[in-house]
Peer 1: 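Please read through the structure below; I'll follow up with questions.
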Amino acid sequence: MMKKSILYLLFLSLFHWTPSFAQLDSINYLEEVFLSDVKLREFSTGQTLIKIDDSVTKLSRPALGEVLQFNSPIYFKQNGLGMVSSPSFRGTTASQTAVLWNGININSQFNGQTDFNIINTAGVDEVALRGGGGSVIYGTGAIGGTVHLNNRLKFNQGFKNEIFLQYGSYNSLDARYSLEASGEVWSLSVAGARNSSDNDYDYPEKGENLNGQFYNNSLDVGLAYKIAPKNYLRAFSSFSHADRHFSLIRPSETPTKYRDVNSRNLLEWETGVSKFKSTTKIAFLDESYRYYENLSSKRFSFGEAETFIARNDLEYFGFKNLQLASVLSNTHTAGEGSGIDDNSRNIFSAAFLLKHQPAQEFSYEAGLRKELTNNYESPLLFSAGAKYRFSSFYSLKLNASKNFRIPTYNDLYWNPGGNTSLRPETSLQAEIGNSFRWQNLGLDLTAYYIDIQDMIRWLPESGGNWRPHNEDEVRSYGLEALLGWEKKVGSGLLNLKGIYAYTASENQKTGKQLIYVPYHKATAAAGYTYGRWNFDYQFLFNGEVFTRSDNDPKYNLKAYTISNLSTSYAFGREGSYRLGARVRNLFDEAYQNVEDRWMPGVNFNIYLNLNF
C-alpha cells in the first residue's frame with residue numbers, strides 16, 4: 001500500500017500545474033507573519049469568527065477539547081477527564097464539525113470525527129472557530145462549523161524560547177517547550193509537549209475513577225524559506241502519540257485501552273505570475289489506532305489509513321476591489337483495519353470563489369464546489385455571504401450555503417455491514433448576524449437555521465449485523481451571543497468575555513431533541529491585571545441534556561456549572577517569568593457529560609512559565 005501511495009503522490013506532483021517564478025507587485029503579501037489558512041480570513045463574509053488567544057489556552061488544560069469547552073458555544077460530550085471528547089456544534093453531530101490543520105481537513109477517515117482530547121494545543125499558534133457551513137472551501141463535514149488550527153511563521157524575529165510546566169492533582173503533568181528562530185530569509189518553529197495523568201479522582205458519592213490513566217506526546221515543526229521576494233516555501237509537520245486506558249463504569253468491568261499514532265505533513269509553495277497568486281500544497285496524513293479490549297491479553301483490533309492531498313489555490317487580483325479564486329484538490333486515501341478490507345478511494349474537487357467590495361461599507365462573496373468520485377454521487381455545493389456596515393455602531397451580516405458530509409471509511413467498507421450505495425448527508429442553512437461596537441464594548445448576535453437531509457445511521461438487520469443507511473432528517477436552529485468588554489479600572493486593566501448559545505436540534509420525523517444537545521450553554525471569563533499580578537476567573541454552564549431518543553426525562557443528565565479561579569505573578573527583569581496557581585471546579589460541582597461518566601471535583605495545580 002505504501003509503494004502505491006508514493007507512486008500516486010509522484011504522479012500528482014508531475015501533473016499538477018503551478019505558475020513559474022515571477023514578481024507580483026499588485027498582491028498584498030504579509031512579509032512578517034504567515035498563516036497557512038488564508039482562506040479563513042479572506043472568505044468568511046457574513047459569518048462570525050472566534051479567535052482564542054494563546055494566553056487563554058494556558059488557562060485551560062492542554063487538550064483542545066478542554067480549551068474550547070470554556071471558550072466557545074460548542075458542547076462537548078466527554079467520557080470522563082482525558083477520555084474521548086466529541087463536539088456538537090450548532091446541534092450537529094461530531095462528524096459534522098470539520099477540523100482544519102493549516103487548511104487541511106484532519107477528521108478521521110474511519111469515523112469522520114476528531115477526538116478533541118488527543119490534540120495538544122502546545123503545537124498550535126492560533127485556534128479559531130467559524131460557525132455555519134464551510135464545505136465549499138473545506139469539503140466534507142463542515143456543516144455545523146469548522147475548527148481551525150493554524151501555525152504562524154515569522155521572519156526577522158531572532159530566537160525565542162518558552163518553557164511551560166504545570167503540575168497538579170492526580171499526578172497530572174503538563175510540560176511544553178517551544179522554540180522560534182528566524183532570520184531575513186528563513187523561519188523555524190519547534191514545539192514539543194507531554195500531557196499525562198494518573199486520573200484517579202474520587203467520584204462525588206462513592207467510588208474512584210479506575211483505569212483512567214493516560215499520556216499524550218506531541219511534536220510540531222514549521223519551516224519557511226524565502227526563495228525570492230514574494231516567493232516562499234513552507235513546511236509543517238505534526239506527530240502525536242496518545243495512550244489512554246478507558247475509565248471503567250464498574251470495578252467488575254474488563255480494563256481496556258486505546259492507542260493513537262497520528263502524523264501530518266504539509267509542503268507549500270507560494271508564488272505569483274502577473275496578477276495571479278498561486279499556493280500549491282502537498283500533504284500526507286497518516287493515522288493508526290489499536291484498541292485493546294482486554295488488557296490481560298495481547299490481542300487488539302486496529303485501523304490504518306494514509307491520505308495524500310494535492311491542492312492548488314489560485315487567486316486573481318486584476319479587477320478593482322474584486323477577487324477571484326479557485327481551489328483544485330485531489331485526495332487519495334488507502335486504508336485497512338480489523339473490520340475493513342484493504343480499500344482505497346479517490347476524490348477530485350473544484351471550487352470557484354468570488355469576493356467583491358463595491359463600497360467601503362459593503363462587501364459580498366459567492367462560491368461553488370463540485371466533487372468527482374466513483375464511490376458516491378456528490379451534490380453541487382454553494383455559498384453566499386454579505387456584510388453591510390450601517391455605522392461604526394452597527395453592522396449586518398448574512399450568509400447561506402449548501403454543505404455536505406461524505407460517508408466515512410467505516411460507512412462504506414466495514415466488513416460486514418459497509419454500504420457503498422450511501423449518499424452524502426446534505427444541509428441547507430442560513431444565518432443572520434448583528435454586530436454592535438461601542439467604545440470598548442463588542443456584541444455579536446447570530447441566528448441560524450440548518451436543514452440536514454439523508455443523515456447516516458447504523459441500524460440492525462436480520463441476522464444481527466448492523467448496516468448504515470440514509471435515514472434521518474434533522475433541523476437545527478438557535479441563537480449565539482458573543483460579548484467582549486475591557487476597561488482600565490484603577491491602576492489595572494479589566495476585561496470581560498461572555499458566550500451564550502441556545503440550540504434546538506430536532507429529528508424531523510419525531511420532533512424530539514437530539515440526545516446530548518443542551519438547549520442552553522453559557523461561558524464567561526473575567527481577567528484583571530494589576531502591576532505584575534494577574535487574576536482570572538472562568539465560568540461554564542451546560543444545560544440539561546437528553547440521553548434517550550424518546551426524550552424520557554427520567555434519564556436526563558442534570559445541568560451543571562463549573563468555576564475556575566487562578567492567579568499569577570510575573571517576575572524577572574522584564575516580567576518574562578510567571579508563577580501561578582489554579583483551582584478548578586471551585587465549588588466541587590458533581591457533574592457528568594456522558595451517562596455514568598463522572599468528572600473530577602475540586603482540584604488544584606501550579607505552573608511556571610519561562611520566556612527567554
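Because the structure is predicted, anything quoted here is derived from the model rather than measured.
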Peer 1: The test is side chain to side chain donor-acceptor pair (under 3.5 Å); show your working for T307 and T333 and say whether it passes.
Peer 2: CA-CA 4 Å; T307 301; T333 301; 3.3 Å; yes
Peer 1: When you check the side-chain N and O atoms of Q109 and T408, is any donor under 3.5 Å from an acceptor?
Peer 2: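 The answer is no; no qualifying pair exists.
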Peer 1: Given L100 and V147, is the side chain to side chain contact (heavy atoms under 4.5 Å, CB included) satisfied, shown in steps?
Peer 2: CA-CA 6 Å; L100 288 307; V147 177; over 6 Å; no
Peer 1: Using 30° and 60° as the class boundaries, would you call the ring planes of F300 and Y292 parallel, tilted or perpendicular?
Peer 2: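 Geometry flag for Y292 against F300: tilted rings.
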Peer 1: Taking the side chain as every heavy atom from C-beta outward, state whether N346 and T373 have any pair of such atoms under 4.5 Å apart.
Peer 2: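 SC-SC contact between N346 and T373 ruled out.
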Peer 1: Would you find more than 12 non-hydrogen atoms of other residues, nucleotides or ligands less than 6.0 Å from K160 atom NZ?
Peer 2: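 Atom NZ in K160 is not packed in, count stays at 12 or less.
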Peer 1: Using distance alone, with no hydrogens and no angle criterion, decide if S476 and S505 have a side-chain donor and acceptor under 3.5 Å apart.
Peer 2: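 Looking only at side-chain atoms, S505 and S476 do form a donor-acceptor pair, the distance falling under 3.5 Å.
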Peer 1: How about N419 and W414: does a side-chain donor come under 3.5 Å of a side-chain acceptor?
Peer 2: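 No pair is found: no donor N or O on one side chain lies under 3.5 Å from an acceptor on the other.
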Peer 1: After noting the C-alpha distance and the side-chain angles of L285 and I309, does the key distance pass the side chain to side chain contact (heavy atoms under 4.5 Å, CB included) rule?
Peer 2: CA-CA 8 Å; L285 313 178; I309 302 171; 4.2 Å; yes
Peer 1: Which pair of non-hydrogen atoms, one from L412 and one from T420, has the smallest distance, and what is that distance?
Peer 2: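 Taking every non-hydrogen atom into account, O-CG2, 3.6 Å.
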Peer 1: Of all heavy-atom pairs between P468 and D411, which one has the smallest distance, and what is that distance?
Peer 2: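 Taking every non-hydrogen atom into account, CG-O, 3.4 Å.
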Peer 1: Are D260 and R244 within salt-bridge range, i.e. N to O under 4.0 Å?
Peer 2: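 Salt bridge between D260 and R244, a charged N being under 4.0 Å from a carboxylate O: yes.
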Peer 1: Is there a donor in the side chain of W101 and an acceptor in the side chain of N150, or the other way round, less than 3.5 Å apart?
Peer 2: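 No, no side-chain donor-acceptor pair sits under 3.5 Å.
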Peer 1: Indicate whether any N or O donor in one side chain lies under 3.5 Å from an N or O acceptor in the other, for S238 and R264.
Peer 2: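 Result is yes, a qualifying pair exists.
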Peer 1: So do V99 and F116 actually touch side chain to side chain, heavy atoms under 4.5 Å?
Peer 2: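 SC-SC contact between F116 and V99 confirmed.
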Peer 1: In Å, rounded to the nearest 0.5 Å, how long is the span from OG of S383 to CG of L368?
Peer 2: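 Spacing of OG (S383) from CG (L368) equals 7.5 Å.
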Peer 1: I want to check something: taking the side chain as every heavy atom from C-beta on, are N105 and T140 in contact at a cut-off of under 4.5 Å?
Peer 2: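 Side-chain contact under 4.5 Å: yes.
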Peer 1: Please tell me whether Q113 and D115 have a donor and an acceptor in their side chains that are separated by less than 3.5 angstrom.
Peer 2: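 No, D115 and Q113 have no side-chain donor paired with an acceptor closer than 3.5 Å.
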Peer 1: I want to check something: taking the side chain as every heavy atom from C-beta on, are F404 and E425 in contact at a cut-off of under 4.5 Å?
Peer 2: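 They are not in contact (no side-chain heavy atoms under 4.5 Å apart), so the answer is no.
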Peer 1: Can a side-chain donor-acceptor contact be found between N343 and E336 if the only test is distance below 3.5 angstrom?
Peer 2: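 No, because no side-chain N or O of E336 sits under 3.5 Å from a partner of the opposite role on N343.
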Peer 1: Search all heavy atoms of Q157 against all heavy atoms of S182 and return the closest pair with its distance.
Peer 2: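 Shortest heavy-atom separation between Q157 and S182 comes out as N-OG, 2.8 Å.
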Peer 1: How close do G133 and Q429 get, counting heavy atoms only, and between which atoms?
Peer 2: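 The pair with the smallest heavy-atom distance is N-NE2, 2.7 Å.
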Peer 1: Got a second to check how far S278's OG is from N231's CG, nearest 0.5 Å?
Peer 2: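 The CG atom of N231 is 10.0 Å from OG of S278, to the nearest 0.5 Å.
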Peer 1: Quick one: pull up CG in L40 and CD in Q47 and give me the separation to the nearest 0.5 Å.
Peer 2: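 One gets 9.5 Å once the value is rounded to the nearest 0.5 Å.
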Peer 1: Less than 6.0 angstrom separating the ring centers of H332 and F348, yes or no?
Peer 2: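 H332 vs F348: aromatic centres not under 6.0 Å.
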Peer 1: What do the steps show when you test D313 against R311 for salt bridge (charged side-chain N to carboxylate O under 4.0 Å, His left out), and what is the final call?
Peer 2: CA-CA 7 Å; D313 293 36; R311 168 172 165 162; 2.8 Å; yes
Peer 1: Without swapping roles, check the side chain of N410 against the backbone of F110 for a donor-acceptor pair under 3.5 Å.
Peer 2: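 Indeed, once roles are kept as given, a pair shorter than 3.5 Å links the two residues.
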Peer 1: Report yes or no: is the cationic atom of R369 (NZ for Lys, CZ for Arg) under 6.0 Å from the centre of the six-membered ring of F352, at an angle within 45° of the ring normal?
Peer 2: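 No cation-pi geometry.
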Peer 1: Between N151 and N102, does any side-chain donor sit less than 3.5 Å from a side-chain acceptor?
Peer 2: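 Checked: N151/N102 side chains pair up, N/O donor to acceptor below 3.5 Å.
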Peer 1: Does the side chain of R290 come under 3.5 Å of the side chain of S301 through a donor N or O and an acceptor N or O?
Peer 2: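 No donor-acceptor contact under 3.5 Å links the two side chains.
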Peer 1: Between N107 and T114, does any side-chain donor sit less than 3.5 Å from a side-chain acceptor?
Peer 2: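 T114 and N107 do have a side-chain donor-acceptor pair below 3.5 Å.
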Peer 1: Any side-chain heavy-atom pair from F155 and E184 closer than 4.5 angstrom?
Peer 2: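 F155 does not reach E184 side chain to side chain.
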Peer 1: Within the side chain of S218, is there an N or O that forms a donor-acceptor pair under 3.5 Å with the backbone of F239?
Peer 2: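 No, because the side chain of S218 does not come within donor-acceptor range (under 3.5 Å) of the backbone of F239.
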Peer 1: Once you round to the nearest 0.5 Å, how far does CG of L49 lie from CZ of R41?
Peer 2: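 So the gap between those two atoms works out to 11.0 Å.
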Peer 1: For the ring pair Y289 and Y258, is the centre-to-centre distance below 6.0 Å?
Peer 2: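 Between Y258 and Y289, which both carry aromatic rings, the centre distance is below 6.0 Å.
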Peer 1: Just so I know, are the side chains of K275 and F319 near enough to count as touching, which here means a heavy-atom distance under 4.5 Å?
Peer 2: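 No; the side chains remain at least 4.5 Å from each other.
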Peer 1: Quick one: which of R90, K397, R130 gives a salt bridge (Lys or Arg N to Asp or Glu O under 4.0 Å) with E431?
Peer 2: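 In the set R90, K397, R130, the residue that makes a salt bridge (Lys or Arg N to Asp or Glu O under 4.0 Å) with E431 is R90.
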Peer 1: Check R423 with D454, please: is the shortest side-chain N to carboxylate O separation under 4.0 Å?
Peer 2: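 Yes, charged N to carboxylate O under 4.0 Å.
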Peer 1: Spell out, as yes or no, whether a donor-acceptor pair under 3.5 Å connects the side chain of S108 to the backbone of G112.
Peer 2: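 Such a contact is absent between S108 side chain and G112 backbone.
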Peer 1: So L482 and T446, do their side chains get closer than 4.5 Å, heavy atoms only?
Peer 2: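 No, every pair of side-chain atoms sits at 4.5 Å or beyond.
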Peer 1: Quick one: does T426's side chain get under 4.5 Å of N403's, heavy atoms only?
Peer 2: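 Sidechains of N403 and T426: no contact.
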Peer 1: Checking E365 against T45: is there a side-chain donor and acceptor pair closer than 3.5 Å?
Peer 2: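 Note: T45 and E365 side chains meet the donor-acceptor criterion.
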Peer 1: Are N161 and Y177 close enough that a side-chain donor and a side-chain acceptor fall under 3.5 Å?
Peer 2: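 Short answer, yes.
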Peer 1: Could you check whether S240 and N216, counting side-chain N and O atoms only, form a donor-acceptor pair closer than 3.5 Å?
Peer 2: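 Side-chain D/A pair, N216 to S240: absent.
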Peer 1: Give the ring-plane orientation class for H356 versus Y364, where under 30° counts as parallel, over 60° as perpendicular and anything between as tilted.
Peer 2: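 Rings of H356 and Y364: perpendicular, as their planes differ by over 60°.
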Peer 1: So, taking the atom named CG in L381 and the one named OG in S427, what distance separates them when rounded to the nearest 0.5 Å?
Peer 2: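 Between atom CG of L381 and atom OG of S427 there are 9.0 Å.
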Peer 1: Rounded at 0.5 Å granularity, tell me how far CG in L267 sits from CZ in F284.
Peer 2: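 If we round to the nearest 0.5 Å, L267:CG and F284:CZ are 14.0 Å apart.
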Peer 1: Hey, mind stepping through D243 and R259 against salt bridge (charged side-chain N to carboxylate O under 4.0 Å, His left out) and telling me if it holds?
Peer 2: CA-CA 5 Å; D243 191 302; R259 179 174 295 174; 3.1 Å; yes
Peer 1: Shortest non-hydrogen contact from F236 to G222?
Peer 2: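 Looking at all heavy atoms of both residues, the closest pair is CD2-CA, 4.1 Å.
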Peer 1: Only one of K355, E315, Q357 forms a side-chain hydrogen bond (donor to acceptor under 3.5 Å, both in side chains) with Q323, so which one is it?
Peer 2: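 By the side-chain hydrogen bond (donor to acceptor under 3.5 Å, both in side chains) criterion, Q323 pairs with just one of K355, E315, Q357: E315.
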Peer 1: To check you understand the geometry: which heavy-atom pair defines the closest contact between G91 and V517, and what is its length?
Peer 2: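 Looking at all heavy atoms of both residues, the shortest contact is CA-CG1, 3.9 Å.
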Peer 1: Less than 4.0 Å between a side-chain N and a carboxylate O, is that true for R61 and D174?
Peer 2: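 Between R61 and D174 there is no salt bridge, as every charged N stays at least 4.0 Å from the carboxylate O atoms.
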Peer 1: Inspect the contact between E268 and R234 and indicate whether a charged nitrogen and a carboxylate oxygen are less than 4.0 angstrom apart.
Peer 2: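 Between E268 and R234 there is a salt bridge, with a charged N closer than 4.0 Å to a carboxylate O.
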